[in-house]
Peer 1: 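Here's a structure for you.
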Amino acid sequence: MAKEQKEMSFLGHLEELRWHLVRSASAIFILAIVFFIFAEEVYDHFLLAHIKPDFITYNVFCDFFNLFGLDSAFCNVSFENNKLQSIKVTSQLMNSIWSSLILGVILSFPYLLWEIWRFVSPGLTTNEIKRSRGFIFLASFLFFIGVLFSFYIIAPISIHFLYNYQITDAIQNSFTLESHIGLVTNMLLGVSILFELPVLIYFLTKIGLVTPNFLKKYRKHALVVVLILAAIITPPDIASQVIVAIPILILYEISIKVSRRVIKKQEKNARKG
């Protein structure tokens, strides 16, 4: 009888997980449909915004360098070959579907976290639930800060560099739709996920896999890993990699403080117990 109840409990958890996944997938698909319907506006004002010379970041960078009396390539931004190629018959359709799904995932991120929270929270104590109430807000805040940082800083710098990089005049740049959209969406997702580092460290510390001393000890190793990740999600120019690496290193230091705070709370609760 006990075995049957345990089995039913396990099946009940699977059923509950299934409905969480169904609702999460539904949210992504609903938003994806909206993005697909307004695909022209999404591409013109968001996904292809960085190949327009008047993009706000280029103007801000130009004014910033002029403030210090420095010449900058951002003051004369031009994209001679800014017409993207659609080589395959299905390229535009498939690209709009895929990009709509990715944007659906990005915009529904807080809801996805909420569904995860609803599935996990029944197994937490009352005190753990109270202490973790700000989890969805904090994780969503960091994620969208990553989205904004990627869209307004990393993407324009990277695209400006890559579109204007040329080994010799004998080679003509002619980029495809897939390569451009893939670059933008990979940056949006990659940088945004990296900005979740403090949240990840919080949970790893809670379950005992990470400690503040461990993070301090391997700080130099983390620097190497961060630079490698920066090289993966940015073009091969040092400026872009440094710009990506700096906020991640700051987040790493914040993560050490988060880990230390978790350990102190655990020690305090242990003394009370």
Side-chain angles (χ1 to χ4, degrees), residues 13 16-35 42 46 100-155 184-212 215 222 226 229 233 243-269:
H13 278 84
E16 185 180 357
L17 176 61
R18 184 174 75 89
W19 281 108
H20 284 299
L21 294 175
V22 167
R23 286 191 293 268
S24 298
S26 298
I28 294 172
F29 280 116
I30 289 172
L31 289 172
I33 291 171
V34 174
F35 283 123
V42 170
F46 189 73
S100 296
L101 286 171
I102 293 177
L103 294 178
V105 171
I106 292 174
L107 197 61
S108 64
F109 185 76
Y111 179 78
L112 301 181
L113 287 180
W114 185 63
E115 286 292 348
I116 294 173
W117 174 252
R118 288 180 63 191
F119 179 71
V120 174
S121 58
L124 302 177
T125 64
T126 304
N127 290 332
E128 287 175 333
I129 292 175
K130 287 181 179 179
R131 290 197 298 266
S132 305
R133 280 178 177 172
F135 160 70
I136 295 176
F137 172 78
L138 180 61
S140 300
F141 176 76
L142 290 173
F143 184 84
F144 286 115
I145 288 294
V147 171
L148 293 175
F149 182 77
S150 176
F151 183 77
Y152 286 106
I153 303 297
I154 303 302
V184 174
T185 53
N186 286 339
M187 286 182 186
L188 288 174
L189 281 176
V191 175
S192 302
I193 292 172
L194 287 176
F195 268 63
E196 294 295 307
L197 182 61
V199 176
L200 176 62
I201 295 299
Y202 172 82
F203 285 105
L204 291 178
T205 305
K206 288 282 287 184
I207 62 178
L209 292 179
V210 168
T211 64
L215 295 173
V226 167
L229 289 174
I233 63 178
I243 290 173
V244 172
I246 288 175
I248 297 175
L249 291 175
I250 293 173
L251 289 170
Y252 187 84
E253 294 300 319
I254 293 174
S255 299
I256 294 177
K257 296 183 183 298
V258 169
S259 181
R260 186 184 299 118
R261 186 174 179 181
V262 172
I263 294 296
K264 285 182 178 180
K265 283 188 175 182
Q266 289 178 341
E267 292 175 348
K268 185 178 179 180
N269 292 334

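Only a predicted model underlies this, so the values are computations on that prediction, with no experimental measurement involved.
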Peer 1: Kindly check if the number of other-residue, nucleotide or ligand heavy atoms within 6.0 Å of OH (Tyr152) is above 12?
Peer 2: no

Peer 1: Would you say Thr205 and Ile263 make side-chain contact, with heavy atoms under 4.5 Å?
Peer 2: yes

Peer 1: How long is the span from the CD1 atom in Ile30 to the CG atom in Leu107, to the nearest 0.5 Å?
Peer 2: 12.0 Å

Peer 1: Just checking Arg118: does its CZ atom have more than 12 heavy atoms from other residues, nucleotides or ligands closer to it than 6.0 angstrom?
Peer 2: yes

Peer 1: Where do Ser192 and Ile106 land on the side-chain contact (heavy atoms from CB on, under 4.5 Å) test, with the steps shown first?
Peer 2: CA-CA 9 Å; Ser192 302; Ile106 292 174; 5.9 Å; no

Peer 1: Kindly write out the residues that satisfy ring pair (Phe, Tyr, Trp, His ring centres under 6.0 Å) with Phe151, not counting sequence neighbours, or none if the list is empty.
Peer 2: Phe46, His50, Phe55

Peer 1: Please state whether the rings of Trp114 and Tyr111 are parallel, tilted or perpendicular, taking 30° and 60° as the class boundaries.
Peer 2: tilted

Peer 1: With side chain to side chain contact (heavy atoms under 4.5 Å, CB included) as the test, pick out the partner of Val199 among Leu142, Val258, Leu204.
Peer 2: Leu142

Peer 1: Test side-chain contact (heavy atoms from CB on, under 4.5 Å) on Tyr252 and Ile201; report intermediate values, then the result.
Peer 2: CA-CA 9 Å; Tyr252 187 84; Ile201 295 299; 5.9 Å; no

Peer 1: Which atoms form the tightest heavy-atom contact between Val191 and Ser150, and what is the distance?
Peer 2: CB-CB, 3.9 Å

Peer 1: May I ask you to decide if the ring planes of Phe119 and His20 are parallel, tilted or perpendicular, using 30° and 60° as cut-offs?
Peer 2: perpendicular

Peer 1: From Leu103 CG over to Ser108 OG, what is the distance, rounded to the nearest 0.5 angstrom?
Peer 2: 10.5 Å

